[in-house]
K.L.:
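Got a structure for you, questions after.
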4 protein chains.
Amino acid sequence: MMHAIVIRTRKRSGISGWQQRISRKELKKCTFWRSVLAETLGTFMVVVVVLGSSCLGNRTSRSDSLLPVLAAGCSVVSLVQCFGEISGAQLNPAITFALVCARKLDLLHGMVFTVAQCVGSICASAFFYLSMPTTVSNQMVTRVSSEANAGQALAMEIFSTFLLAFTIFAVDDRRRRDLSEPGSLAIGFSLIAGSLSAGQVSGGSMNPARSLGPALVTGIWEYHWVYWIGPILGAFLAGGSYEFFFASSASREKLVA
Amino acid sequence: MMHAIVIRTRKRSGISGWQQRISRKELKKCTFWRSVLAETLGTFMVVVVVLGSSCLGNRTSRSDSLLPVLAAGCSVVSLVQCFGEISGAQLNPAITFALVCARKLDLLHGMVFTVAQCVGSICASAFFYLSMPTTVSNQMVTRVSSEANAGQALAMEIFSTFLLAFTIFAVDDRRRRDLSEPGSLAIGFSLIAGSLSAGQVSGGSMNPARSLGPALVTGIWEYHWVYWIGPILGAFLAGGSYEFFFASSASREKLVA
Amino acid sequence: MMHAIVIRTRKRSGISGWQQRISRKELKKCTFWRSVLAETLGTFMVVVVVLGSSCLGNRTSRSDSLLPVLAAGCSVVSLVQCFGEISGAQLNPAITFALVCARKLDLLHGMVFTVAQCVGSICASAFFYLSMPTTVSNQMVTRVSSEANAGQALAMEIFSTFLLAFTIFAVDDRRRRDLSEPGSLAIGFSLIAGSLSAGQVSGGSMNPARSLGPALVTGIWEYHWVYWIGPILGAFLAGGSYEFFFASSASREKLVA
Amino acid sequence: MMHAIVIRTRKRSGISGWQQRISRKELKKCTFWRSVLAETLGTFMVVVVVLGSSCLGNRTSRSDSLLPVLAAGCSVVSLVQCFGEISGAQLNPAITFALVCARKLDLLHGMVFTVAQCVGSICASAFFYLSMPTTVSNQMVTRVSSEANAGQALAMEIFSTFLLAFTIFAVDDRRRRDLSEPGSLAIGFSLIAGSLSAGQVSGGSMNPARSLGPALVTGIWEYHWVYWIGPILGAFLAGGSYEFFFASSASREKLVA
């Protein structure tokens, strides 16, 4: 049963001209698969950018870790503008989960989007694993730093995903009231800030799909649970706290209920 | 006595529908605590980002100091968009003080916000102090560089906070006339510029709350007064000079009075 | 035969006042040569920026490769705002080719623009070759990394140009519906992301004109075909996939036809 | 004789309420001195940011030169938003000269602004010279690189200022037609691109005032003429080419005249 496709900026686009001649159902179907493809392609692009900018070359100084972070943030700014109207450009199972919990996305979309994101990430990882030299493939996996333990990594993943998801909920909420600040930059910059703060402890994944791909391809599953529980918990907390306390529509009634 | 809550972009939001049924007083109360929580959470996030991106890892070259600066600037761009409409996203006792002096914020809000910001920073610092290895905690404190003395550090803190606060006042003033430039970027970028210019002398704190948290947690109070007097003086000068000379409503009468 | 000059944001500018007195044909001619000059000058500027920021100085750490990437991205953000309304600010034969294929640009414009871009790049390269010491000129050419082979470089060029061209098509499509996100930043940031991801393998050219100039001037043609086939294929795929699947006007009919 | 103060975004601000009661002449006087003060203060801030981020600390790798460039670009983005409506935020004698030539600014304003910018820069340099250790003061001066000669430095200064000034003219022209791209970012990013491309040859000054201050304070006048002739020529060429060929109001008649 598929009803009420709630994509974020849907209302603005409108349905013009010839499109009304197609039956409503077919249009929905088409819109649905388009958004699934957008999530797959978008996650594929983000993961290729992250792996490409972090894998090759020698790391001589610590500021080299800036390159993949900057590349990821910049690609997200672009992809939010590319896919924002099509699928919401979530590109992240943790964000999708939080949107489902906040009833901004129905369950069917949530599940299909999560699968699509994982498929995109696995394709990107497989592409790198097959084409690049084997010394590279070990650098693809997000790991807990040797200076830190799993608990610290979990805490930093929760925090950094909280920052990212909180920004996404705020931008989504704010967008309806048509202010002039660019939301895509806020999202990309919160990703950069979160990645830099968590980078030295957990690698700054903030995205279960991004961690799943390389882990599946290389077979390195060490502390992999950190990169699922951390982001999902962080995004869930961010979505909950934003919707209940800070959203423009948040109300005493919601708090009581 | 609590009257006339003057939050910056309040006028735009409007009070729609069911909200009118709640008594006006309760709504004010709710809005008030929401803004206090926003300041606490926002300052917590900024301080975690700054400490997380500056603490761990070896500093091999000077350009490593770019990482925490960039992380702070990017997080501020995001948080200004998240909390801008809720509390003004001041996240800084020096800015709050200047807004109170400029009569843009009443005294009660100013005091509660300052406490909220300090609580947020202390929580973030305690989290790092308790969870990270002890070698890290010494790096959390903002210090006067060994190449410079307290007077130079004070001057750079005054200057860099002046730049930040001046931008905040200008963006706030400009926003009312609805131009299309993104103010959140101006604020975040002025923070990056100020941090980079003061970084080599004073660490580029520009925020008494950010310096208080680590000092309280580690017990290192050396030159701590620099990080209160510098930013507060800088923000006060910026607010005064903007309001009297440069604001669109600045007038001869104001200068005379 | 020259008819129907279709420059992107033409409709907005309007033809006011005295201009109507000039014959329509002359105006077209003037607009045409202005856009050709814009492409030449824009490509000249991008290539000077890239060569200037990458050539001189010793490369001690890998993060030095950030400088030319950042310079290129920043200059593109500026140039898209400078020339966006005049010629579309394509600055890249691969993008021009994709726009011709998508019937957003007629063939005559496409061919003249491609020549103009190559001329701009050759002038910039010649300027550097003649004025700078000879040790520099070898660093101007985009090369396949010694860690990788031509196939890997081709794949990364296809991918990174796909990301760039996809963003350009999305921004162009979105612009018509007047949203508030800044498209020039999306384009510049996708260039940064693509360059950083491909940089270690192929040098991250993404632009046949940028590779042609230094190759012609220095006479180093090794793997030059990679920098023509890769970007053109990537841009073609991006244009095709965007227009058929993701464009707001994409329809079942287009897919069938 | 002072008439027709033509500040860029003047038309938007409007003259409301009580202001009409003041005599028109006094208001003009007030607006004039406000804009002069804005130029002094703005140039002071830019030069402090540049000197502060470039002076102290050891330069171990080439990517350290990114810090002052980034600081300058970020501060310009902020200051364009702060002072854009007050004085146009030129902050640069070369830009002021080009605006006077393009008849966008009357001669009196041009001369007073130039003096104001130089005063701002000299104050900033004197502040650093007096307060910082003497080893620092030698690093404040923009110099021709030992790898290059004066002619190359002149060429790079002309080019990089051309890029900056061209962007300023384009943003100014575009702004009147109310598009949604943020012009302050275009200007700041063109400064970053220009600085990075010229940085290895001439230090990337692009601003005679920025070079005058440290030269006057330290007494190092070597190749100082490069930093006046280069930027002024570059800005003049940019202004001329934009106004005659690319401006939306550029016409055949202008070309003939």
Side-chain angles (χ1 to χ4, degrees), chain A residues 9 12-14 16 18-19 22 26-27 30 33-34 37-38 41 45-46 48-61 63-68 70-86 127 131-133 136 175 178-185 188, chain C residues 60-66 69-70 73 145 147-149 151-152 155-156 159-160 162-164 166-171 173-174 177-183 185-202 204 238 241-242 245-253 255:
Chain A
T9 49
R12 284 195 187 172
S13 64
S16 63
W18 61 266
Q19 292 187 314
I22 308 175
E26 278 181 66
L27 185 67
C30 177
W33 289 113
R34 193 188 291 171
L37 193 63
L41 186 60
M45 289 207 250
V46 168
V48 170
V49 165
V50 169
L51 296 182
S53 58
S54 62
C55 280
L56 291 176
N58 298 313
R59 294 204 175 190
T60 55
S61 81
S63 64
D64 289 340
S65 64
L66 183 59
L67 269 63
L70 216 61
C74 288
S75 68
V76 163
V77 171
S78 301
L79 292 171
V80 164
Q81 294 200 20
C82 289
F83 296 126
E85 289 180 44
I86 296 166
F127 165 70
S131 65
M132 299 294 161
V136 165
R175 198 176 281 165
D178 284 294
L179 297 183
S180 64
E181 303 289 323
S184 58
L185 280 173
Chain C
T60 55
S61 81
R62 199 193 129 204
S63 63
D64 289 340
S65 65
L66 184 59
V69 169
L70 216 60
S145 160
E147 299 180 62
N149 60 38
Q152 290 165 355
M156 288 314 292
F159 167 76
S160 55
F162 183 94
L163 179 60
L164 175 66
F166 197 93
T167 305
I168 289 173
F169 274 87
V171 164
D173 181 45
R174 207 170 43 72
R177 275 161 297 140
D178 284 294
L179 296 183
S180 64
E181 303 289 324
L185 281 172
I187 294 171
F189 281 16
S190 70
L191 186 84
I192 293 177
S195 273
L196 286 176
S197 62
Q200 300 298 318
V201 178
S202 68
S241 65
Y242 190 83
F245 294 111
F246 296 114
S248 55
S249 58
S251 67
R252 212 184 43 147
E253 277 154 34
L255 288 167

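Since this is a predicted model, take the numbers as computed values, not measurements. Heavy atoms only: backbone and side chains are in, while hydrogens, waters and symmetry mates are out. Residue numbers start from 1 in every chain, and the chains themselves are labelled A, B, ... in the order their sequence lines are given, proteins ahead of strands.
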K.L.:
At a heavy-atom separation under 4.5 Å, does C:Leu191 approach chain A through its side chain, its backbone, both, or neither?
P.N.:
neither

K.L.:
Applying side-chain contact (heavy atoms from CB on, under 4.5 Å), run through C:Leu163 and A:Leu79 and close with a yes or a no.
P.N.:
CA-CA 9 Å; C:Leu163 179 60; A:Leu79 292 171; 4.0 Å; yes

K.L.:
Indicate the ring-plane relationship of C:Phe246 and A:Phe83, choosing parallel, tilted or perpendicular according to the 30° and 60° boundaries.
P.N.:
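It falls in the perpendicular class, over 60°.
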
K.L.:
Hey, could you give me the OG/CD1 distance between A:Ser78 and C:Ile187, rounded to the nearest 0.5 Å?
P.N.:
8.5 Å

K.L.:
Report the residues that fulfil side chain to side chain donor-acceptor pair (under 3.5 Å) with C:Ser202, sequence neighbours left out, ordered by chain and then residue number.
P.N.:
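C:Glu157.
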
K.L.:
With sequence neighbours excluded, tell me which residues meet side-chain contact (heavy atoms from CB on, under 4.5 Å) with C:Val69.
P.N.:
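C:Val69: side-chain contact (heavy atoms from CB on, under 4.5 Å) contacts with C:Ile192, C:Ser195, C:Leu196.
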
K.L.:
Apply side-chain contact (heavy atoms from CB on, under 4.5 Å) to A:Gln81 and C:Val171, showing your working.
P.N.:
CA-CA 7 Å; A:Gln81 294 200 20; C:Val171 164; 4.2 Å; yes

K.L.:
Is C:Phe162 close to chain A through its backbone or its side chain, or both, or neither, when contacts mean heavy atoms under 4.5 Å?
P.N.:
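Answer is side chain: those atoms of C:Phe162 sit under 4.5 Å from chain A.
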
K.L.:
Evaluate the ring-ring contact (aromatic ring centres under 6.0 Å, His included) criterion for residues C:Phe159 and A:Phe127: first the C-alpha distance (whole Å), next the side-chain angles of each, then the deciding distance (0.1 Å), finally the verdict.
P.N.:
CA-CA 11 Å; C:Phe159 167 76; A:Phe127 165 70; 7.8 Å; no

K.L.:
Quick check: closest heavy atoms across C:Pro182 and A:Pro182, and the distance to 0.1 Å?
P.N.:
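Looks like CD-CB, 3.3 Å.
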
K.L.:
Measure the CE-OG distance between A:Met45 and C:Ser197 for me, rounded to the nearest 0.5 Å.
P.N.:
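Rounded to the nearest 0.5 Å, the CE-OG separation comes to 11.0 Å.
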
K.L.:
Between A:Cys74 and C:Phe189, which heavy-atom pair has the shortest distance, and what is it?
P.N.:
CB-O, 3.3 Å

K.L.:
Considering only heavy atoms and a distance below 4.5 Å, find which of A:Val76, A:Val49, A:Val50 pairs most often with chain C.
P.N.:
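Sorted descending by pairs with chain C, the first entry is A:Val49.
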
